[in-house]
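Only one structure is covered here, and it is reproduced in the block below.
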Amino acid sequence: MTVQDGPSVEQLARLLPAGFVLGVATAAFQIEGSLDVDGRGPSSWDAFAEKPGAISDGSSPAVACDHYNRSGEDIALMRELGVDSYRFSLSWPRIQPDGKGPVNEQGLDFYDRLVDKLLAAGISPMVTLFHWDTPLALEHDGGWLSRATAERFGEYTAVVAARLGDRVAQWVTLNEPVSVALQGYGLGVHAPGHGLLFDALPAVHHQLLGHGLAVQALRAAGVPGGIGVANMHAPVTAAGGGYRDKLMADTFDLLVNRIYSDPLLTGSYPVPPLLVRPWFRLLNSAPDEDLRTIHQPLDFYGVNYYYPVRIAAGGGTRNTPAGESDVMAKLPFHLVPFPEYKVTGFGWPVAPEHLGTMLRTLKDRYGASLPPVMITESGASFPEPARVTETVRDTERVGYLAAHLGQALGATSPGGVAEDVELRGYYVWTLLDNFEWAAGYSQRFGLVHVDFETQQRTPKESFHWYRSLSRARRA
Ligand code: IFM
């Protein structure tokens, strides 16, 4: 992919509506390091990363980008970048080491200072309350398979709201609950490493319940900031025209998209096709009262878009987008490659046009119940050296970002396929090369190259590109 594949900076700048937010996103566990300092408790990911073979390059998240000690430098980079907003997550076990009970004031202080420093730099804070690092004590009690975790999440949110609520502009309750439920509890390639397949569905329900309780806690605290959630959406198509592929594609669409967005936006779980209904029984027995809690009015709906998925009936393959899983082979469907698309470093298809059609699908499905949309993550990894002496020429990433932002803006502009969707912002995933979960440091998604031995930060060509977009817009 080249820069020519996407619109130019000038074309993009002309498409940006007034007030449109340009941002960057990160997550605590992927950048902070300092896992054992200042009273932080362990998380599910601390434990998972220690299991032999869990992290593909054998690396450790202990230091990551050392952001805990370098937040000033990273904010200076964002200021230079010219972003309006920074989306970052709070480490729940840094704030509540056991996920319940006593609060670790040093942990809260870190985020309090971070918010103040961002505001001083003219950058609006968007806080994600949960980006996968479940306190280990709660994980030992069942984690998101247990209803109690949802209740603890509501309590933790109240603690955070009381300290940061006056200054945070946007709140994201959960990041990609599908990744936690599917990769973590269903397939075992992420923490906590369970391979429960459809028996993982309680982890869906309890995360959604946690979302509802968190929204209630934020509203009860009277926070002035907007409140939303960030769901990953993967447009799904059937590999063939036959009934079995179509049924499995619909099932996969339920599993990765609709069992999250339907209850959040309409207050009920989708009704699966008759033949596969027994697989979803753990969701369809959810109490009505829980669904009312889950279905809270939202100020925005966050969409993380990375790739479309093509599904065929029949099991046997072990590949998932996040790694290899033996239990994956037991599922009655598998993912089929897209030979027509170039791929990222992760092997994910580069298919920006699906972003526009996915926004169309969301509007068709939810109509007036779809709040204004923020693209809360969009980005790609490409192979890049561990050590650099000059700017990385990541022209492929520039092309990727220009094409995806261009699609999102074009689709939601007058005459576009999703012109009735109100798109309010776009957050690049991600500011810094970081700890990419089970892939360790082997997948670099950053606008800024990080040398993990020296912690040297070196802005890439994509950083300079995003900065010129931000400047062109203001000119
Ligand atoms: O790095 C992750 C992020 O934590 C959640 N969304 C997808 C990204 C790339 O895999």
Side-chain angles (χ1 to χ4, degrees), residues 144-145 147 150 174 176-187 194-212 229 231-295 301 303 308-317 320-321 325 327-336 354 357-358 360-367 369-370:
W144 291 102
L145 295 172
R147 184 182 187 87
L174 308 173
E176 295 180 12
V178 62
S179 302
V180 174
L182 191 63
Q183 315 292 359
Y185 290 88
L187 299 175
H194 300 324
L196 298 172
L197 300 178
F198 285 92
D199 287 344
L201 288 176
V204 174
H205 184 67
H206 295 139
Q207 286 186 87
L208 295 176
L209 185 61
H211 156 87
V229 63
N231 270 329
M232 192 190 81
H233 279 281
V236 183
T237 47
Y243 172 74
R244 289 180 64 234
D245 281 2
K246 171 88 179 66
L247 178 67
M248 288 304 126
D250 287 348
T251 303
F252 196 83
D253 186 34
L254 292 177
L255 266 183
V256 299
N257 297 310
R258 292 191 51 197
I259 59 173
Y260 301 91
S261 47
D262 277 23
L264 287 165
L265 299 177
T266 71
S268 52
Y269 284 111
V271 180
L274 203 55
L275 278 175
V276 302
R277 205 163 292 169
W279 301 346
F280 290 87
R281 70 188 184 289
L282 292 173
L283 287 185
N284 290 313
S285 54
D288 286 350
E289 198 187 329
D290 284 6
L291 284 155
R292 279 194 292 278
T293 305
I294 291 167
H295 183 209
Y301 185 73
V303 170
V309 176
R310 188 174 275 162
I311 291 292
T317 64
T320 83
S325 160
V327 288
M328 173 75 194
K330 294 187 187 160
L331 285 172
F333 49 74
H334 61 278
L335 278 66
V336 176
H354 285 259
T357 47
M358 186 256 285
R360 175 72 264 139
T361 303
L362 286 175
K363 192 67 184 174
D364 287 344
R365 201 169 269 165
Y366 302 116
S369 303
L370 182 70

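- Of the candidates Val256, Asp262, Leu255, Arg258 forms a side-chain contact (heavy atoms from CB on, under 4.5 Å) with just one, namely Asp262.
- How far CG of Leu201 is from CG of Leu283: 4.5 Å, rounded to the nearest 0.5 Å.
- Every residue was checked against the side-chain hydrogen bond (donor to acceptor under 3.5 Å, both in side chains) condition with Gln207, not counting sequence neighbours, and none meets it.
- The ring pair (Phe, Tyr, Trp, His ring centres under 6.0 Å) search around His233 returns Tyr301, not counting sequence neighbours.
- Test Leu331, Val276, Leu282 against Phe198 for side-chain contact (heavy atoms from CB on, under 4.5 Å) and you get one pass: Leu331.
- Scored by the salt bridge (Lys or Arg N to Asp or Glu O under 4.0 Å) test, Arg277 finds no partners at all (sequence neighbours excluded).
- Within the structure, every pair that satisfies the salt bridge (charged side-chain N to carboxylate O under 4.0 Å, His left out) test and touches residues 233-248, not counting sequence neighbours, is listed here: Lys246-Asp250.
- Between Ile311 and Asp253 the shortest side-chain heavy-atom distance does not fall below 4.5 Å.
- Annotation: side chain to side chain contact (heavy atoms under 4.5 Å, CB included) contacts of Asn284 (sequence neighbours excluded): Tyr269, Pro272, Phe280.
- Between the CG atom in Leu265 and the CZ atom in Arg365 there is a gap of 10.5 Å [rounded to 0.5 Å].
- Taking the side-chain hydrogen bond (donor to acceptor under 3.5 Å, both in side chains) definition, one finds that Ser261 meets it with Tyr366, sequence neighbours left out.
- Residues passing the salt bridge (Lys or Arg N to Asp or Glu O under 4.0 Å) test with Arg310, sequence neighbours excluded: Glu340.
- Under the rule for a side-chain hydrogen bond (donor to acceptor under 3.5 Å, both in side chains), the partners of Asp364 that lie at least two apart in sequence or sit in another chain are Arg360.
- With sequence neighbours excluded, the residues that form a side chain to side chain contact (heavy atoms under 4.5 Å, CB included) with Thr357 are His354.
- How far NE2 of His194 is from OH of Tyr185: 6.0 Å, rounded to the nearest 0.5 Å.
- Summarising the geometry, atom CD belonging to Gln183 is positioned 9.0 Å from atom CD belonging to Glu176; distances are rounded to the nearest 0.5 Å.
- Counting only residues at least two apart or on different chains, the ring pair (Phe, Tyr, Trp, His ring centres under 6.0 Å) pairs with a member in residues 241-262 are Phe252-Phe333.
- Note that CG of Leu208 and CD1 of Ile294 are 5.0 Å apart. Values are rounded to the nearest 0.5 Å.
- Between the His295 side chain and the Leu291 main chain, no donor and acceptor come within less than 3.5 Å of each other.
- At a threshold of 4.5 Å between non-hydrogen side-chain atoms, the residues Pro177 and Asn231 count as touching.
- Put simply, the side chain of Leu254 reaches to within 4.5 Å of the side chain of Pro273, judged on heavy atoms.
- Using a 4.5 Å heavy-atom threshold, the side chains of Leu335 and Met328 count as touching.
- Take Thr293 and apply the side chain to side chain contact (heavy atoms under 4.5 Å, CB included) test, not counting sequence neighbours, and it matches Leu209, Leu213, Gln216.
- Residues satisfying the side-chain hydrogen bond (donor to acceptor under 3.5 Å, both in side chains) test with Ser325, not counting sequence neighbours, are none.
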Checking side-chain contact (heavy atoms from CB on, under 4.5 Å) for the pair Thr251/Leu275: CA distance, chi angles, key distance, verdict? CA-CA 10 Å; Thr251 303; Leu275 278 175; over 6 Å; no

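- Atom-to-atom distance recorded for Leu182:CG and Leu196:CG is 11.5 Å, nearest 0.5 angstrom.
- Looking only at side-chain heavy atoms (C-beta outward), Asp290 and Arg147 come within less than 4.5 Å of each other.
- Considering only heavy atoms from C-beta on, Val303 comes within 4.5 Å of Met358 through its side chain.
- By the 4.5 Å heavy-atom criterion applied to side chains, Thr361 and Pro235 are not counted as neighbours.
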